[in-house]
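Note on naming: letters A, B, ... go to the chains in the order of the sequence lines (proteins, then strands), and numbering restarts at 1 for each one. This structure is a prediction, so every number in the text was calculated from the model and none was measured.
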Amino acid sequence: MIVGLHHYLVVSALLFSLGLFGVLARRNLLVIYMSLELMLNAANLALVAFSRYNANLKGQVMVFFIITVAAAEVAVGLALIVALYRRRGTAHVEDLNSLRL
Amino acid sequence: MSELLPSALFYAFAGLALVFGFLCVANPLSRNPVTSAMFLVLTIVSLAGLYILLHAFFLAAIQILVYAGAVMVLFLFVIMLLNLEEEERRKIRGITLGLGALSVAVIAGILIRAVVAARPSAGTTPLVEGGIRNLGHTLFTLYLLPFEAMSLLLLVGMVGVILLSKKDLK
Amino acid sequence: MEPTHLPATNFQDLAWAILLLPLVSALAITLGLRRNRELTTTLSLSAVGIGFGLSVWLFFLYGVSGERLAATPLSWMSVGSLSAHLGLTVDPLSTLMLMVVTGVSFLVHVYSTGYMEDDPEYPRYFASLGFFTFSMLGIVLSDNFVQTFIFWELVGVSSYLLVGFWYEKPAAADAAKKAFLTNRIGDFGFLLGILIVWAATGTVSFDAMAAKLKAEPGILGAAASLAGVLIFLGAVGKSAQLPLHVWLPDAMEGPTPVSALIHAATMVAAGVYMLCRVYFLLDLPAAWPAALSFLGSISALDVIAWTGALTSLVAGVIAIQQDDIKRILAYSTLSQLGYMVMAVGCGGPDAAMFHLTTHACFKALLFLGAGAVIYACHHEQNIWKMGGLAKRMPVTFWTFLLATAALCGLPVLSSGFYSKDAIFAAALASNRPVLFGIGVLVVGLTTLYMSRLVIIAFLGESRSEAASHAADPGRNMTLPLLILAVPSVSLGWLPVGAYFKSAIFPGAVTHSAEGFSDVFFEPFNHSPLGAFLGFGLMAFGLSVAFATYWGAAMDPMPGHLPRLSRALRNRLYFDEIYAATLIPLHDAVAALADWVDRWIVQGLFVRGISGGMDLFGRALRLVQTGNLQTYAFLFVAGVALVVLLALK
């Protein structure tokens with residue numbers, strides 16, 4: 001069976017779902033953050049696959065940008081987590097429920 | 001032969017990416033963030049392999065350099081910095097897990113169904129060669145402005161991180 | 001030198017100024033000047049005084065010439081075919097009434113500066129007085145039913161404020177409430193009447209209505225008499241006619257100058273004035289809807305005439321056995337208002353307006369005199385605790401006597417003689433001999449109770465400590481008495497009756513008096529029967545009063561006629577009858593309404609909706625856990641839903 005676009009898309013969807021599951025189920029903020037990265041990578045895969053099969057380089061350019069932004073985002077996000085940890089002494093989402101009145 | 005090898009490699013890399021991804025988010029043996037991080041690195045490397053199969057060589061290189069290299073090192077660095085214990089053995093609420101799994105399954109089902117239903121007939125033949133030359137040309141002509149904006153974003157991110165990392169955050 | 005004739009638009013400014021001046025002063029006092037007595041006095045006196053001056057000016061500019069002017073109306077609201085506007089009408093009727101209202105109001109203001117001097121709420125009193133004057137002027141100047149009704153209610157409100165001025169006294173607060181609620185009953189009928197007339201003619205403006213009625217006399221159809229009676233119901237309430245008269249005697253709880261202003265000269269006269277203003281609506285042949293067809297040929301005017309006559313008789317009888325000086329005057333007012341209403345019913349609105357004018361003067365004088373007596377006797381109102389005041393309070397006594405003469409209709413030397421005679425003439429002319437008889441009989445009654453009052457309170461010996469030290473009050477209180485005494489005596493010598501006749505019936509032939517004897521003895525020439533009979537009964541009443549009460553230490557009547565006396569002292573049990581019949585009925589309706597409000601409106605609708613919302617909110621609150629992942633889960637669920645819908 002020839003590997004086509006939809007194979008990559010299915011892999012992308014599955015990876016995306018795994019990342020989502022991590023976001024929903026894990027408690028450690030860092031792990032949740034990693035799961036988010038996984039989701040981003042899943043999206044990247046789909047974009048690259050689209051680019052490859054649609055005779056268009058724009059998808060790859062988009063992935064390039066996404067990686068760049070993700071790098072910046074990780075830096076800022078991790079800095080936030082560090083600041084939060086310093087203040088609260090925890091990195092567990094269950095302990096961070098000050099949103100509740 | 002020329003058809004078989006890429007297919008085999010695809011299945012290998014895809015399988016590895018999925019397995020490592022699963023072990024990253026839901027490792028049944030360890031709940032240590034370091035373990036998750038290491039498996040995420042492996043997932044990213046597998047994805048880089050898929051990129052190569054898609055002839056996106058430059059992206060594959062960046063994936064490994066930036067993601068596996070810089071980003072994940074940052075993650076590990078933070079994990080070490082915070083000296084996080086193994087995720088405390090709190091009681092895992094079954095309902096959370098169940099609902100999470102259910103919603104994820106639903107999302108996955110929807111996505112896959114959409115992919116299968118829209119089975120792209122034209123999507124069987126690869127068309128674009130993702131060489132560095134082509135990519136670079138597009139990037140520095142058509143997408144020059146976003147590229148420059150990106151550099152600004154990185155600068156802002158850097159300043160923000162320095163600000164946030166100050167010890168006495170006000 | 002004044003210009004003899006102003007540009008035609010200027011009368012508007014004059015009329016508006018007269019109307020708004022008291023309101024401005026009332027507002028200014030209420031909003032800013034409560035602390036300042038001098039400024040309060042100056043402001044309210046000058047507002048009403050200037051109003052009076054302008055009224056006189058307006059009267060001589062337009063009233064005398066008989067011009068009918070209507071100010072450009074200000075459109076107020078327009079709903080469907082109903083367009084209500086704020087308009088002022090300046091015609092002979094309103095200009096003379098303006099003079100009466102502002103004049104009496106001004107004198108009452110002056111008098112009040114003395115009477116209310118020691119009251120801590122002095123500024124509030126003057127603010128209410130100004131507000132009342134404004135409302136009353138609004139009725140006088142109104143040119144349409146909607147505006148009349150609005151000011152009608154404003155008069156009710158301001159009278160509530162004034163009667164209940166001493167609201168810390170339970171009796172005063174109750175009286176104010178009673179006056180207001182009783183008036184509401186009449187006003188309800190009034191409103192229905194307005195609606196019927198508006199539905200039939202499609203307009204609420206008096207002039208337009210009169211024009212339509214002239215073009216098409218049967219426009220009101222079968223509702224003609226019903227509409228007339230319903231409109232009359234408003235006057236029944238405001239002018240305290242028979243079934244609804246019970247509020248007026250109780251309203252004497254208010255300050256006495258207030259009684260002089262609103263229960264003698266203005267508010268109670270508003271009903272009569274309104275009847276004269278819309279006389280063209282009342283003077284229609286009898287026509288009843290099918291459900292009321294048993295009323296047959298009784299026209300609206302018949303109902304009005306008989307109501308007035310009965311009120312006049314009943315009030316005159318009750319007054320004989322009252323001991324409170326103000327209550328006697330209150331019943332006498334009722335009786336005189338009955339006269340006016342009867343005159344309207346007998347087709348003599350001109351006579352009614354004539355009597356209204358003279359009555360405004362002498363009854364205000366009587367009340368102010370009574371106020372002076374009460375003031376001098378340290379708020380003693382029982383005439384049996386007075387006595388001998390004639391020597392100690394000569395100014396009050398003589399002015400009071402002149403007013404009494406006017407009220408009784410002393411020939412020639414009083415204005416009441418002429419105006420009452422006009423009423424008798426109207427009754428005779430309309431071929432209602434029974435009403436004529438009642439009217440003349442009431443003259444005897446009036447003389448009897450007024451002579452009783454004068455004999456007991458002013459003549460003889462002092463019966464109490466307070467009365468023996470009484471003295472005339474200060475000049476600001478005696479001056480209004482003296483001023484009011486002038487028109488009380490002399491108003492009848494002027495052709496006021498003829499003036500009103502040409503005002504209400506333009507183009508009618510009026511009897512114009514010529515020569516000395518015709519001016520002063522006009523009633524004897526013009527309608528000798530009423531004049532002579534009235535004079536005879538007056539003499540009879542006077543002699544009965546002297547025979548009974550001269551030198552009496554206490555009222556002999558309870559001893560001789562115990563049952564009649566008791567019935568009269570209990571005011572013919574009107575209040576008791578109402579308490580036994582209407583009030584339980586009203587309570588039952590109120591209880592039902594309360595139940596509906598409490599359980600259906602409040603319980604089911606208000607509480608139900610708020611309870612439902614509350615429950616919903618509580619349920620929704622469970623969602624807010626503060627847990628990040630719950631939100632993430634909900635978010636994912638939402639995304640799944642949206643994607644599902646989008647892919648459908």
Side-chain angles (χ1 to χ4, degrees), chain A residues 1-11 13-22 24-28 30-31 34-35 37-38 41 44-45 48-49 51-58 60-61 63-65 67-72 74-76 78-83 85-86 91-92 94, chain B residues 3 6-7 10 14 17-18 21-22 24-26 33 36-37 40 43-44 47 50-51 54-56 59 62 66 70-71 74-75 78-79 82 84 87 90 96-97 100-101 104 107-108 111-112 115 119-120 123-124 126-128 130 134-135 138-139 143 146 150 153-154 157 160-161 164-165 169:
Chain A
M1 182 176 178
I2 299 167
V3 174
L5 176 56
H6 53 278
H7 288 86
Y8 286 96
L9 293 183
V10 168
V11 173
L14 286 174
L15 270 178
F16 184 85
S17 305
L18 277 174
L20 189 62
F21 181 73
L24 291 183
R26 297 302 290 263
R27 311 282 171 74
N28 192 316
L30 280 163
V31 179
M34 285 187 251
S35 305
E37 294 302 317
L38 192 58
N41 271 296
N44 281 351
L45 178 62
V48 175
S51 165
R52 166 81 170 151
Y53 287 96
N54 280 316
N56 198 333
L57 266 180
K58 284 173 185 168
Q60 288 198 25
V61 174
V63 171
F64 175 78
F65 285 137
I67 289 174
T68 322
V69 173
V74 165
V76 175
L78 286 176
L80 279 171
I81 288 174
V82 170
Y85 186 81
R86 278 192 192 141
H92 274 81
E94 281 164 337
Chain B
E3 288 294 324
S7 294
F10 167 77
L18 289 176
F22 179 76
C24 168
V25 298
S36 291
L40 186 58
T43 315
I44 284 165
L47 282 174
L50 286 178
Y51 287 174
L54 289 167
H55 291 221
L59 285 183
I62 286 190
V66 176
V71 171
L74 197 58
F75 263 104
V78 169
I79 292 168
L82 298 188
L84 287 173
E87 194 168 344
R90 302 197 184 197
T96 315
L97 215 58
V104 166
I107 290 279
L111 289 177
I112 290 171
V115 170
R119 178 179 275 266
T124 44
L127 295 167
V128 158
N134 290 342
L135 190 62
T138 317
L139 205 55
Y143 290 99
M150 204 60 65
L153 181 79
L154 284 173
V161 169
L164 284 171
S165 311
L169 183 66

Kindly indicate whether the side chain of Ile112(B), heavy atoms from C-beta on, has any atom under 4.5 Å from the side chain of Leu14(A).
-> yes
Okay, Ser36(B) and chain A: the region with an atom under 4.5 Å from a heavy atom over there is both
Interatomic distance, Phe65(A) atom CZ to Leu139(B) atom CG [nearest 0.5 angstrom] | 5.0 Å
Can you check whether Tyr143(B) reaches Phe64(A) side chain to side chain, under 4.5 Å on heavy atoms?
-> no
Under a 4.5 Å cut-off applied to non-hydrogen side-chain atoms, are Thr43(B) and Asn41(A) in contact?
-> no
Go through the atoms of Leu74(B) and report whether side chain, backbone, both or neither lie under 4.5 Å from a heavy atom of chain A.
-> both
Between chain B and each of Val48(A), Val11(A), Leu24(A), count heavy-atom pairs under 4.5 Å; write down the option with the most.
-> Val48(A)
Taking atom CG of Leu164(B) and atom CZ of Arg86(A), what is their separation to the nearest 0.5 Å?
-> 10.0 Å
Minimum-distance pair of heavy atoms, taken over all atoms of Ala13(A) and Leu111(B) | CB-CB, 3.8 Å
Looking at CG of Leu50(B) and CG of Leu45(A), how far apart are the two atoms once the value is rounded to the nearest 0.5 Å?
-> 5.5 Å
Can you say whether Leu18(B) sits under 4.5 Å from chain A via the side chain, the backbone, both, or neither, judging by heavy atoms?
-> both
Atom CD1 in Ile79(B), atom CG in Asn28(A): separation rounded to 0.5 Å?
-> 7.5 Å
Heavy atoms only, distances under 4.5 angstrom: which of Leu59(B), Ile44(B), Leu40(B) has the most pairs with chain A? Name it, please.
-> Leu59(B)
Taking all heavy atoms of Leu54(B) and all of Arg52(A), pick out the closest pair and write down the distance.
-> O-CD, 3.1 Å
Segment of Ala101(B) engaging chain A (4.5 angstrom heavy-atom cut-off) = both
Smallest separation among heavy atoms of Val82(A) and Val78(B), with atom names | CG2-CG1, 3.9 Å
Write down the atom of Ser17(A), the atom of Val104(B), and the distance for their closest heavy-atom approach.
-> O-CG1, 3.2 Å
Minimum heavy-atom separation for Ala71(A) to Val66(B), with atom names?
-> CB-CG1, 4.1 Å
For the rings on Tyr8(A) and Phe10(B), is their centre-to-centre separation under 6.0 Å?
-> yes
To the nearest 0.5 Å, what is the distance between CD1 (Ile62(B)) and CD (Gln60(A))?
-> 10.0 Å
What is the distance from atom CG of Leu30(A) to atom CG of Leu82(B), rounded to the nearest 0.5 Å?
-> 6.0 Å
Minimum heavy-atom distance Ala79(A)-Val161(B), with the two atoms named | CB-CG1, 4.0 Å
